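Down below is the structure, laid out as structure tokens.
Treat the numbers as computed from the prediction; the structure is a model and nothing was measured. Start at 1 and go down the list; that is how both ligands and their atoms are numbered. Computed from heavy atoms alone, side chains included, the values below leave out hydrogens, waters and symmetry copies.
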Amino acid sequence: MSKFITLERFINEEENKFPNATGNFSAILHDLSLAAKLVWREVSKAGLVNILGNTEKINTSGDTIKKLDEFADETIYKAMDHGGHLCVMASEENEDILLIPDGYKKGKYVLLYDPLDGSSNIDANITIGSIFCIYKRISESGDGNLNDCLQKGFKQVAAGYVVYGTSTMFVYTTGNGVHGFTLDPSVGEFLLSHENIQVPKKGKIYSINEGNSNDWSNEMKNYINYLKEENKADSRPYSLRYIGSLVGDFHRTLLYGGIFCYPADKKNKNGKLRLMYEGNPMSMIIENAGGKCSNGKMSILEIQPTSLHERTPLFLGSKEDIEILEKFLQKEN
Ligand code: AHG
Ligand code: MN
Ligand code: MN
């Protein structure tokens, strides 16, 4: 039975642990939880209102923007733009940084987000999500800038996601554990349901798009074949689970353990997933749950970003699984 701790109360109790906290940071998380409920409201009835399907637009990554992508993007921006705690934002669906409108106070934090992750699954009613991360600004005051956004992942002060699945959950970390809150639609509150999530140190599930296997490096092929070999002593062969929504595949990996992989391949030298609003936030979360992140060679959180929408090979999961993967890939050039 849930202890009926709402997300709002949990955020406030977390803030009280830091005597000189100003409350700005908590206010951002409160605003994000409102944005999550507003997106959930549309996602949960997407099939009933004219919000399925594509717009005629293509985003910076070359993906067709779905109507729900656009709705989620605008909803999150509008929920966050006037709180006075942010100086700049950046979103998957917008090529450039998003300034705070004139007339609103510019605060000391930066928000990057993937408004709707797993868009290709929307029309098929498969789990999708929203991903966010927060940094402290580098610039002194006024409008934030691109430099405020292009910070290494280990500088994040918070990261989280909303997973719109069989139930809708808000999962986040501020560096003090990873905590999950399940939305009770009857009261419109996120209630604490998964306190201090710890990813198993080793799993038996691997998650990857096998359709790309002909384009993987030999080292990557060898690793996946290793997972498929019979060896009961270390839970092999692993099972394959892949839904094509990072948030859904990540959430299962966080709770069950194992490894999520989106490697580079011959066609995509840096893989497909975006560093700033997919790789970095999920990496902060997995590391705070006792797991590990990697681009195959190093921690995702150590990568110095050079552009807002840059891609990275992305491996996330149980510590021991990532360590074995890195051994296989260290010879990869
Ligand atoms: P988005 O919908 O935000 O563009 O993200 C889609 C991503 C990610 O959710 C998922 O892991 C990956 O695309 C799936 O890619 P493939 O279809 O190539 O497997
Ligand atoms: Mn995404
Ligand atoms: Mn997206």
Side-chain angles (χ1 to χ4, degrees), residues 35-36 39 42-43 46 51-55 57-77 89-95 98 111-133 159-165 205-216 220 224 240-254 258-283 285-286 293 295 300 308-317:
V39 174
E42 293 309 302
V43 164
I51 201 164
L52 290 176
N54 296 340
T55 65
K57 297 173 195 159
I58 305 283
N59 69 13
T60 316
S61 302
D63 305 324
T64 303
I65 298 182
K66 295 265 186 182
K67 288 180 186 169
L68 210 48
D69 281 325
E70 198 164 67
F71 170 82
D73 188 41
E74 285 165 12
T75 300
I76 294 171
Y77 179 77
M89 292 187 249
S91 153
E92 175 197 3
E93 304 308 346
N94 296 271
E95 182 159 2
L98 299 166
L111 174 72
L112 292 98
Y113 62 96
D114 176 355
L116 209 83
D117 172 72
S119 308
S120 62
N121 284 320
I122 292 171
D123 298 357
N125 196 22
I126 293 168
T127 295
I128 51 181
S130 304
I131 310 170
F132 65 87
C133 60
Y161 59 85
V162 188
V163 49
Y164 311 100
I205 296 171
Y206 75 102
S207 188
I208 193 168
N209 183 341
E210 287 260 6
N212 298 330
S213 58
N214 288 345
D215 295 327
W216 296 341
M220 191 66 218
I224 297 298
L240 169 61
R241 295 287 182 273
Y242 189 77
I243 63 166
S245 283
L246 171 62
V247 172
D249 285 318
F250 176 85
H251 189 65
R252 182 200 52 249
T253 305
L254 178 69
I259 188 165
F260 171 86
C261 308
Y262 210 112
D265 63 34
K266 283 182 216 138
K267 291 194 187 110
N268 299 293
K269 291 274 171 285
N270 292 313
K272 172 182 180 180
L273 298 179
R274 280 57 57 103
L275 172 65
M276 295 316 296
Y277 39 82
E278 292 174 318
N280 275 333
M282 295 318 211
S283 295
I285 295 167
I286 201 80
C293 66
N295 68 354
I300 296 285
L308 216 40
H309 303 283
E310 70 181 73
R311 299 173 193 269
T312 177
L314 184 61
F315 304 95
L316 301 159

Hey, is ligand 1 close enough to [X] that some N/O pair sits below 3.5 Å?
X	value
Leu116	yes
Ser119	yes
Phe260	no
Glu92	yes

So do [Y] and [X] actually touch side chain to side chain, heavy atoms under 4.5 Å?
X	Y	answer
Phe315	Pro263	yes
Ser283	Leu316	yes
Ile208	Met220	yes

Quiz item: Minimum heavy-atom separation for Arg241 to Arg252, with atom names?
Solution: O-NH2, 3.1 Å

Quiz item: Minimum heavy-atom separation for Asn212 to Tyr262, with atom names?
Solution: ND2-OH, 3.4 Å

Quiz item: When you look for heavy atoms under 4.0 Å from ligand 1, do you find them on the side chain of Asp117, its backbone, both, or neither?
Solution: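 For Asp117, the contact with ligand 1 is made by both the backbone and the side chain.
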
Quiz item: Of the backbone atoms (N, CA, C, O) and the side-chain heavy atoms from C-beta on, which set of Met282 has a member under 4.0 Å from an atom of ligand 1: side chain, backbone, both, or neither?
Solution: neither

In Å and rounded to the nearest 0.5 Å, what is the [atom1] to [atom2] distance from [X] to [Y]?
X	Y	atom1	atom2	value
Leu246	Leu314	CG	CG	6.5 Å
Arg311	Leu273	CZ	CG	8.5 Å
Phe260	Tyr242	CZ	OH	5.0 Å
Asp215	Lys266	CG	NZ	5.5 Å
Thr312	Asn280	OG1	CG	8.5 Å
Cys261	Glu210	SG	CD	10.0 Å

Quiz item: Does any N, O or S atom of Glu92, backbone or side chain, fall under 2.8 Å from the Mn ion (ligand 3)?
Solution: yes

Quiz item: Would Ile131 count as a contact for the Mn ion (ligand 3), in the sense that one of its N, O or S atoms lies under 2.8 Å from it?
Solution: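 It does not; every qualifying atom lies at 2.8 Å or beyond.
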
Just jot down the ligand 1 atoms closer than 4.0 angstrom to any heavy atom of [X], in number order.
X	value
Asn209	16 (P), 18 (O), 19 (O)
Glu278	3 (O), 5 (O)
Gly118	1 (P), 2 (O), 3 (O), 5 (O), 6 (C), 9 (O)
Asp114	3 (O)
Arg274	1 (P), 3 (O), 4 (O), 5 (O)

What is the closest protein heavy atom to [atom], and at what distance does it sit?
atom	result
atom 7 (C) of ligand 1	Leu273 CD2, 3.6 Å
atom 18 (O) of ligand 1	Tyr262 OH, 2.7 Å
atom 14 (C) of ligand 1	Tyr242 OH, 3.3 Å
atom 17 (O) of ligand 1	Lys272 NZ, 3.8 Å

Quiz item: Which of these passes side-chain contact (heavy atoms from CB on, under 4.5 Å) with Val247: Ile128, Val162, Ile131, Asp114?
Solution: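 The side-chain contact (heavy atoms from CB on, under 4.5 Å) with Val247 is passed solely by Ile131 among Ile128, Val162, Ile131, Asp114.
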
Practice problem: Check each of Leu246, Asn268, Asn212, Ile122 against atom 11 (O) of ligand 1 and report the one with the nearest heavy atom. | Solution: Leu246

Exercise. Examine all N, O or S atoms of Glu278, backbone included, and report whether one is under 2.8 Å from the Mn ion (ligand 2).
Key: yes

Quiz item: Using 30° and 60° as the class limits, which term best fits the ring planes of Phe250 and Tyr161: parallel, tilted or perpendicular?
Solution: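 Perpendicular: the ring planes of Phe250 and Tyr161 meet at over 60°.
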
Practice problem: Could you please compute the angle at the Mn ion (ligand 2) from OD1 of Asp117 to OD2 of Asp114, rounded to 10°? | Solution: 110°

Quiz item: Looking at ligand 1, does Ser245 have a heavy atom less than 4.0 Å from it?
Solution: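 Distance cut 4.0 Å: Ser245 passes for ligand 1.
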
